[in-house]
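Written below as structure tokens is the structure these notes are about.
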Amino acid sequence: MPRTTRRIPTGSSAPFAVNQIVHRSNNRLDQDLALCEKHKVPMIITSLGAREELNQAAHGWGGIVFHDVINQKFAHKAIEKGADGLILVSAGAGGHAGEISPFAFVAETRQWFDGPIALSGAIGNGRAIRAARMLGADFAYIGSAFIATTEANAVEGYKQMITASTAEDIVYSNLFTGVHGNYLKPSIVAAGMDPDNLPESDASKMSFGTDASGERAKPKAWKEIWGSGQGVGSVGKDLCPPPN
């Protein structure tokens, strides 16, 4: 899709959401949430801790909240604390991810939750979107396929690495944030680390805050260690041609 310089009229822009890490160590959450309230953000996506007061705040300005979950324990907690929808982060998802098959995850969640569900995990093409809907999800949650687009603001090296990688280039580790996630092996190598011998991180010490300079410890996830899911092999490649 070509870029356009046409000015979008006020009030006619597409729906958007803001992703908030709500872990207690995120020392800029209050500041970010205040900005979301100021601009009446229509949808908040939360992760790493269901927060009832945040859900109530979003509802107060007319917004809705979807919460990232990796298992049933966290899914129940999110709904109990007022989330409007769930993002089931299944095995193979890019960035922070769980280990449960999307088939099992959606089926078990639908046994007790009839609200909106977005499914995340190796969704990189139209067939995967159709599969997510057939499983019972309302939405497909896609990352890598959009990061690699011309319109995305990701650095060019990240885009090229996504289109050149396959599922074998994905490393599952909790070293970089304290939470397990999927990352591109070449970015780990570029940071001077051995992707086949990464140490385990102490989850009790995970921190999503910043120091006085506004920086996190290096190497920084997302900036230097790039996340991507196991569906990366279908991004930019014609691996699913239509049947004859």
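All figures in this text were calculated on a predicted structure; none of them were measured in a lab.
When atom types are taken as modelled, the side chain of D169 and the backbone of T166 share a donor-acceptor pair closer than 3.5 angstrom. With hydrogens and angles disregarded, no donor-acceptor distance shorter than 3.5 Å links the side chain of R51 to the backbone of N55. In this structure a side-chain-to-backbone donor-acceptor pair under 3.5 Å is present from Y158 to G227.
Exactly one residue among N182, D196, V189, I188 makes a side chain to side chain contact (heavy atoms under 4.5 Å, CB included) with V171. That residue is I188.
With 3.5 Å as the limit, one finds no donor-acceptor pair spanning the side chains of S47 and H96. Side-chain polar atoms of Q72 and T109 form a donor-acceptor pair below 3.5 angstrom.
The OG1 atom of T163 lies 10.5 Å from the NZ atom of K159; values are rounded to the nearest 0.5 Å. Residue I225 holds its CD1 atom at 4.5 Å from CZ of F176, rounded to the nearest 0.5 Å.
Heavy atoms only, all atoms of each residue included: A83 and H67 are closest at CB-CB, 4.2 Å.
Considering only heavy atoms from C-beta on, S228 stays 4.5 Å or farther from M161 through its side chain. The side-chain heavy atoms of C36 and W61, taken from C-beta on, include a pair separated by under 4.5 Å.
Residues passing the salt bridge (charged side-chain N to carboxylate O under 4.0 Å, His left out) test with R130: none are found, sequence neighbours excluded.
Counting non-hydrogen atoms of other residues, nucleotides and ligands closer than 6.0 Å to CG of D114 gives a total of 12 or fewer.
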